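Side-chain atoms are counted along with the backbone in the values below, which use heavy atoms only and exclude waters and symmetry mates. These numbers were taken from a predicted model, which means no experiment stands behind them. Lettering of chains follows the sequences in order, A, B, ..., and the numbering in each one begins at 1.
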Protein chains: 2
Amino acid sequence: MATISDVARVAGVSVSTVSYAINGSRPISEATRLRVFAAMDALSYQPHAMARGLASKRSRILGLHFPMEDRGLGFTELEFVVGAADTAFAGGYHLILSPLMSEQPRELLQLTQQGLVDGVILMEVLQDDPRVEALRALRFPFAMIGRCADNRGIDYVDTDFESTMSDAVCYLAALGHTSLAYITQSHQTFDSGYGPVVRTCATFTQTLLQHDIAGAIYFCGASAADGNAILRTIFEEQPAVTALLAMNDRALVGIVQGLDDLGYSLPADISLVTLVSSMRIGELFRPPVTTFAVPSSEMARLGVELLIDRLENPAHPIRQLLIPCTMVDQGSAAAPAHMHVVRV
Amino acid sequence: MATISDVARVAGVSVSTVSYAINGSRPISEATRLRVFAAMDALSYQPHAMARGLASKRSRILGLHFPMEDRGLGFTELEFVVGAADTAFAGGYHLILSPLMSEQPRELLQLTQQGLVDGVILMEVLQDDPRVEALRALRFPFAMIGRCADNRGIDYVDTDFESTMSDAVCYLAALGHTSLAYITQSHQTFDSGYGPVVRTCATFTQTLLQHDIAGAIYFCGASAADGNAILRTIFEEQPAVTALLAMNDRALVGIVQGLDDLGYSLPADISLVTLVSSMRIGELFRPPVTTFAVPSSEMARLGVELLIDRLENPAHPIRQLLIPCTMVDQGSAAAPAHMHVVRV
DNA sequence: GTGAAAGCGCTAACAC
DNA sequence: GTGTTAGCGCTTTCAC
C-alpha cells in the first residue's frame, strides 16, 4: 500500500524522479536510480494501476471480444484465450474477456469508451462485421484474429483457409480421389458471412476445377446428429464419393460414428480429413482422423502482438498475417479402393 | 470523451449531483435525475473506469487465477472461463485472466497489490495452496472454485467429489458389479494434494468398504497412451474387474480405444463411466460413455457470485457450496456378464 | 540530472 | 435535495 511519494521520501528524491526511474522516460543518474529501487523494494512498492492509467491515459489492459454462438466451445477457443492472456501478460498487459452473446457493437463501445482498455482483439470475425465499423468510426485501436471482406488498414492474423483447403484437396487428389464431399458448417453460418466457411467453400470449388475432379459442398449443423445425418444425404446425392473433408468439429463425431454404422471403415472404404481443427481433436477418434490443425496458440500470440505493437508504434505499417494449417497425418485418408461398392 | 463535468454543465447541475445520480448513492429529485440522464446520453457519456476506480478505490475488475498445468485444456475449463466472464459482466464487473504457469503466489500478489482487481477467483485449488496463504495474509478478498484442506473463512464452490464418487460406485454396485477399477490422474497430481484426486480416491475406498466390494485405484497420466497402457496393468492385477470408473478426460480416449483393441465391448464385456467430465466429453465416443457431468458453467457462475457478494457485503456469512455431478446415462454401463472371460 | 506542481476524471466528505 | 472541494496516486510539462 505504499505510494510513490513514500518511495520518494525514503529515497530522498522527488516524486517525479521516482516516476522517471520506473518508466525510464528520462535519464536518471545511476546513484539515484539505485536509491530509488532500494526504497521501492524496502517498501515493496507496487505502482497503482488505476492511478497510472488515469494519469497516463493508458490502462495497459487489452480487451478480448469473444462472441459466443452456437458454434460453441471447442478446444481451439480455449487455446486462443489462454494464448492471448499469456502473450498479453508477457508484454506487460492484462487481458479482459468480453464473452458477449451478441455481435452487437453496443457493449463493445461501452468497453472502449470507458477507458478501460487500450485496444481490442476481435475473435470470430464476420466478413462484414458491425464491430469493425464501430471501432473504425471511433478510431479505436484493434486487431483481429480472423478477417473481413474489406480489411484495409486493419492488423489481423487469420488461418490461411485458402491454402489449407487447397492443400487438403490436393492431398486427396494426389491420393487418387476424384469425387469429394466437403462437409462445412451450417447454411446460416455461411449466409451470415462467416469467413472460414465462405472462404473454404470458394476455394474448395476452385480447386476442384483446377484438378478437374468432382465434388460438392454439404452444409451441416453443429451436432453429432447433424454429422450423422449429413452422411445419408451425401451418399444419396453423390454415390461415387470416396473422400470426405470436414470443417465442423462438433459434427465430426457423428460423421465418424455414422461411417462406422454404415459399415465403412477408414481409410479402406472412404477417406476422411478434418480441417482447421485443434491438433487434439483428430486423436479423439478411432481410427484417429488426419487433421489440418489450426495453430491456435500461435495465432492468439500473434494477434496480441499485433495489437500491442500498434498501440506502442502507431506509425508501423499494417500487418496482415495468414497462417496455414499443418497436416497431421493420422492415417484416415488413403488411396481410394478400385472398386467402390455403392450402398443404399 | 465527455467527462462528468461536461454532463454537469449541460444538465445545469454540479458534478457531485451527476455522480450521485449515476451511483444512486444519495437521493436525487426526479426532475434533476431526468435532466442528468438526458445530458448523459446527449453527450453519450461513459464514466471513465480508471478515474472512477482511483477515486472510489474499487476497480470493479475481478481476477481469475488459472494455473495451467499438464492436466491441460479441456472443454470444462473454457466453460468455466466463459461462465465466469459472463457472470462478472452481468454483475457490473469485468474479468481479467491470469493464466499463470505457476502456482507461485508472486505474480498473484503483484496483481492484487497494483489495485487492479477488487478480488480474485482461484481455480485449480490445491489441498494446501500457497495462493490461499498469500491472499489470506493480505486479507485480500477471494473466492475459490475448488477447495483446500482447511477452508475456514473462505467462500468456495466445488464439485461434490465425495457424493459424485459415491453415487458412481453405488450405481455400479447396484448394477451388480463387485470388482471395480478407478482410473484417476497421475500419482504426482495426487501427491501434490490436488483435491479432486485426493477426495475421490478416499471416497472410492470408503464406498467399496460400505458395499463390501473389491476395487483398486490406478494412477494414470494425462494422455491417450497412458490410458491405453493402464488397461494392461488393470487386467493383470485385477483380472476379475467388471467395471471401470475414470476421472481423467485426457486418458479416456486411450481407455475406450484400448478396450476396443482388447476385444471388449461396452457395456457387454465391461462397464465404463467417466466422472467429473464435461457433459460433452462422453458423447465423443463410440459407444458414448456414461458421464457424471460437472456443471462447469454453474460453478463458475456461483464462484463469481460468491466473490461479488463478498465484495459488496463483507459482513455476509461465509458460503461453501458443493455441487454434485449429474449422471448422464449414455449406456456404457450395464450389469456384468455372468461369465467374464479373462484374457491375457 | 532533478524538482514542483498541474492535472487525469471521478467519489465522497462536508457544507448548506 | 444540491453544491463545493479535497483528494485518489500517478504522469508529465515546465522550470532550474
Heavy atoms of Thr159(A) and Leu322(A) approach each other most closely as O-CD1, 4.3 Å
To the nearest Å, how far apart are Arg9(A) CZ and dG3(C) C1'? 17 Å
Using five base pairs at each end to define the local axes, how bent is the helix from dG1(C)-dC16(D) to dC16(C)-dG1(D), to the nearest 10°? 30°
Mark up nucleotides 9-15 of chain C, 5' to 3', with B wherever a protein heavy atom is under 4.0 angstrom from a base atom, S wherever such an atom reaches only the sugar-phosphate, and - elsewhere. BBSBBB-
To check you understand the geometry: which heavy-atom pair defines the closest contact between Ile318(A) and Ile154(A), and what is its length? CG2-O, 3.4 Å
Paired with Met144(B), the side chain to side chain contact (heavy atoms under 4.5 Å, CB included) test is passed by just one of Val157(B), Asn151(B), Leu307(B), Ile121(B), namely Asn151(B)
In terms of side-chain heavy atoms, does Arg33(B) have a donor or acceptor partner in Tyr20(B) at a distance below 3.5 Å? no
Hey, are Thr17(B) and Ser14(B) close enough side-chain-wise for a donor-acceptor pair under 3.5 Å? yes
Restricting to non-hydrogen atoms, name the atom on Ile61(B) and the atom on Tyr93(B) that form the minimum distance, rounded to 0.1 Å. N-CD2, 4.0 Å
Segment of DNA chain D, first to last nucleotide, that comes within the 4.0 Å heavy-atom reach of chain B: dG1(D) to dG9(D)
Does a donor on one side chain and an acceptor on the other come within less than 3.5 Å for Gln188(A) and Tyr194(A)? no
Taking all non-hydrogen atoms of both residues, which atom of Met50(B) and which atom of Ser59(A) are closest, and how far apart? CE-CB, 3.6 Å
Distance-only side-chain donor-acceptor flag, Thr32(B) / Ser29(B), under 3.5 Å: yes
Between Thr32(A) and dT2(C), is there a contact of a side-chain N or O with OP1 or OP2 at under 4.0 Å? yes
Sort out for me which residue in Asp309(B), Leu306(B), Asp155(B) forms a side chain to side chain contact (heavy atoms under 4.5 Å, CB included) with His316(B). Asp309(B)
